[in-house]
Visitor: 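Let me begin by handing over the structure; questions about it come next.
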Amino acid sequence: MVYDAFVLLSFGGPEKPDDVMPFLRNVVRGRGVPDERLAEVYEHYMHFGGVSPINQQCRDLLAAIGTEFAAHGVSLPTYWGNRNWHPMLADTVATMRDDGVEHALGFATSAYGGYSSCKQYWEDIAAARAHVGPGAPRIAKLRQFHDHPGFVNPHASAVREALEELEPARRASTRLVFTAHSVPVSMARTAGPEGGRYTAQLEETARLVHAAAAADLGYDLVWQSRSGPPHIPWLEPDINDHLALLAEKGVTDVVVSPIGFVSDHLEVIWDLDNEAKETAARLGLGYARAATPGVHPEFVAMVRQLVQERTDDQERPALGTLPTWDVCPADCCPPPARRKAP
């Protein structure tokens with residue numbers, strides 16, 4: 001297959017206060033969630049002036065990728081399309097069609113398998129192509145990268161830097177806490193062709209980052225950013241509950257590393273830099289939050305390497321043991337049941 005373009009696939013976010021509620025409605029569309037249920041999340045965005053950092057982070061990443069491509073002879077034009085806010089993927093696909101693109105490679109800003117983190121991007125692509133109609137370019141999504149050195153190493157480096165913010169004399173009572181977005185337990189069970197792919201990959205990433213960053217310290221994988229009706233079980237423990245448990249056990253300091261994310265978007269800075277940090281202060285815990293990869297040079301190089309795996313048949317570097325594939329099986333990661341909010 002000859003590919004003639006690259007497209008960055010992301011979640012999207014509001015860029016001014018008037019965008020916030022329409023954006024949130026897009027996020028929950030089809031679920032029957034009333035605006036009253038979105039009010040709390042709306043306030044999180046308004047705390048930052050109604051602007052999510054994710055779109056600018058995508059612009060920065062796309063610019064860095066373009067520079068990386070040029071430096072290594074990858075001659076693909078770059079595009080960017082979102083799931084929930086402008087530039088919407090359907091509009092981007094229309095532009096690609098008008099530019100004469102026929103076969104593109106898509107990079108999703110999520111490292112893991114699962115419905116919302118992987119398969120829903122395939123659905124986004126299919127919906128965008130259907131919306132554009134005849135002549136819409138085909139888009140092949142690049143593989144999951146949870147154990148790629150270009151993803152693991154930037155997280156490990158950030159953990160080491162965060163440890164330097166804490167009191168060295170208390171290192172023996174310091175613990176690493178890795179976080180990722182919680183999902184419904186039912187969704188976690190059905191992630192991947194054999195189930196459990198999302199949690200298994202995160203567990204492997206946590207192990208790899210821990211080994212590279214601070215193998216002498218204990219660590220845990222916990223969850224953040226839960227949403228949805230309280231009667232539906234989601235992955236636990238929540239980061240705030242876990243910090244309380246660690247304090248009870250005599251832990252004095254924590255480094256929180258959001259390995260579930262590729263950039264410091266709003267869920268990271270609200271849930272960790274506000275809520276979890278406040279929880280740690282109330283508990284008397286020393287607290288440092290490790291950065292996400294963002295535009296770290298190794299992460300940007302990883303994107304280029306993933307492209308070259310497909311275009312030049314290069315090796316597939318990985319630090320872990322879980323297999324990856326380029327096309328998800330048809331029965332992989334079924335979508336969650338849609339329930340109307342009570």
Side-chain angles (χ1 to χ4, degrees), residues 110-112 117 145-183 188 198-226 235-265 267-294 296 298-299 318-322:
S110 173
Y112 302 96
S117 55
F145 51 90
H146 80 284
D147 60 347
H148 194 291
F151 182 65
V152 172
N153 291 342
H155 275 297
S157 176
V159 168
R160 290 191 292 269
E161 291 177 8
L163 280 167
E164 294 177 359
E165 301 176 22
L166 300 176
E167 177 56 54
R170 298 202 299 264
R171 186 176 177 102
S173 54
T174 297
R175 196 164 182 90
L176 306 184
V177 180
F178 297 109
T179 71
H181 203 300
S182 185
V183 299
Y198 181 66
T199 51
Q201 287 180 327
L202 278 158
E203 288 165 359
E204 187 162 63
T205 303
R207 177 180 61 79
L208 293 169
V209 174
H210 168 253
D216 61 309
L217 300 180
Y219 76 93
D220 308 289
L221 172 63
V222 302
W223 310 97
Q224 64 170 87
S225 310
R226 181 205 159 114
L235 294 175
E236 296 178 339
D238 176 78
I239 173 67
N240 296 284
D241 296 336
H242 188 68
L243 292 178
L245 179 63
L246 292 180
E248 291 177 2
K249 292 183 175 180
V251 171
T252 61
D253 299 80
V254 293
V255 167
V256 175
S257 172
I259 58 169
F261 307 96
V262 304
S263 67
D264 286 5
H265 55 64
E267 285 183 317
V268 173
I269 60 177
W270 176 261
D271 293 351
L272 301 183
D273 296 351
N274 285 271
E275 291 184 345
K277 186 176 182 179
E278 291 173 2
T279 297
R282 176 173 53 81
L283 295 167
L285 290 171
Y287 183 92
R289 202 267 290 173
T292 50
H296 189 287
E298 287 190 71
F299 182 66
L319 297 171
T321 60
L322 295 175

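Residue numbers count from 1 along this sequence.
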Visitor: Who are the side chain to side chain donor-acceptor pair (under 3.5 Å) partners of His148, not counting sequence neighbours?
Guide: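 Counting only residues at least two positions away or on another chain, His148 forms a side chain to side chain donor-acceptor pair (under 3.5 Å) with Gln305.
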
Visitor: With a 3.5 Å distance limit and no angle check, can you tell me whether Glu204 reaches the backbone of His146 through a side-chain donor-acceptor pair?
Guide: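 Answer holds: no.
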
Visitor: Any donor-acceptor pair under 3.5 Å linking the side chain of Thr252 with the backbone of Ser173?
Guide: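 Between the backbone of Ser173 and the side chain of Thr252 there is a qualifying donor-acceptor contact (under 3.5 Å).
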
Visitor: Is any side-chain heavy atom of Pro258 closer than 4.5 Å to a side-chain heavy atom of Leu272?
Guide: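 Yes. Closest side-chain heavy atoms under 4.5 Å.
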
Visitor: Provide the closest heavy-atom pair for Leu243 versus Leu285 in the form atom of the first, atom of the second, distance.
Guide: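 The answer is O-CD1, 3.7 Å.
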
Visitor: Just by distance, do the side chain of Ser182 and the backbone of Arg226 share a donor-acceptor pair under 3.5 Å?
Guide: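 No: the side chain of Ser182 does not pair with the backbone of Arg226.
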
Visitor: Do any side-chain atoms of residues 209-220 form donor-acceptor pairs under 3.5 angstrom with protein atoms, and if so which ones, sequence neighbours left out?
Guide:
residue : atom : partner : partner atom : Å
His210  : NE2  : Ala214  : O            : 3.3
His210  : NE2  : Leu217  : O            : 2.5
Asp216  : OD1  : Arg171  : NH2          : 2.9
Asp216  : OD2  : Arg171  : NE           : 2.9
Asp220  : OD1  : Arg175  : NE           : 3.4
Asp220  : OD1  : Arg175  : NH2          : 3.1
Asp220  : OD2  : Arg175  : NE           : 2.5
Asp220  : OD2  : His242  : NE2          : 3.0

Visitor: Parallel, tilted or perpendicular: which describes the rings of Phe151 and Phe145, with under 30° parallel and over 60° perpendicular?
Guide: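 Phe151 and Phe145: perpendicular rings.
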
Visitor: Would you say the side chain of Val222 lies within less than 4.5 Å of the side chain of Val177, judging by non-hydrogen atoms?
Guide: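 Val177 vs Val222: side chains touch.
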
Visitor: How many angstroms lie between atom OG1 of Thr292 and atom CG of Asp264, to the nearest 0.5 angstrom?
Guide: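 So the gap between those two atoms works out to 3.5 Å.
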
Visitor: Roughly how far, to the nearest 0.5 Å, is the CZ atom of Phe299 from the OG atom of Ser157?
Guide: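 One gets 14.5 Å once the value is rounded to the nearest 0.5 Å.
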
Visitor: Between Ser117 and Tyr112, is there a donor-acceptor pair closer than 3.5 Å when you use the side chain of the first and the backbone of the second?
Guide: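 Checked: pair present.
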
Visitor: Nearest heavy-atom pair of Ser257 and His155: which atoms, and what distance?
Guide: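 Heavy atoms only, the tightest pair is OG-ND1, 4.2 Å.
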
Visitor: Closest heavy-atom contact between His181 and Ser225?
Guide: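 The answer is CE1-O, 3.0 Å.
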
Visitor: How about Phe178 and Thr205: do any of their side-chain heavy atoms sit closer than 4.5 Å?
Guide: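 Phe178 does not reach Thr205 side chain to side chain.
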
Visitor: Taking all non-hydrogen atoms of both residues, which atom of Leu163 and which atom of Leu176 are closest, and how far apart?
Guide: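 Smallest heavy-atom distance, with atoms named: CD2-CD2, 4.4 Å.
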
Visitor: Where do Val255 and Val159 come nearest, in terms of heavy atoms and distance?
Guide: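 Of all heavy-atom pairs spanning Val255 and Val159, the closest is CG1-CG1, 4.3 Å.
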
Visitor: Could you list the residues that satisfy side chain to side chain donor-acceptor pair (under 3.5 Å) with Glu165, not counting sequence neighbours?
Guide: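 Side chain to side chain donor-acceptor pair (under 3.5 Å) list for Glu165, sorted by chain: empty.
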
Visitor: Indicate whether the side chain of Glu275 and that of Trp270 have a donor and an acceptor atom separated by less than 3.5 Å.
Guide: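 Their side chains do contain a donor-acceptor pair, which is all the 3.5 Å distance test asks for.
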
Visitor: If I compare all heavy atoms of Leu283 with all of Ala247, which pair ends up nearest, and what's the gap?
Guide: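 Taking every non-hydrogen atom into account, CB-CB, 4.1 Å.
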
Visitor: Under the side chain to side chain contact (heavy atoms under 4.5 Å, CB included) criterion, do Leu322 and Asp147 qualify, and how do the steps go?
Guide: CA-CA 8 Å; Leu322 295 175; Asp147 60 347; 5.5 Å; no

Visitor: Could you check if a side-chain atom of Ile239 sits within less than 4.5 angstrom of a side-chain atom of Asp271, using non-hydrogen atoms only?
Guide: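 No. Closest side-chain heavy atoms not under 4.5 Å.
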
Visitor: Within this structure, what is the OG1-CH2 distance for the pair Thr199 and Trp223, rounded to the nearest 0.5 Å?
Guide: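 Nearest 0.5 Å value for the OG1-CH2 distance: 6.0 Å.
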
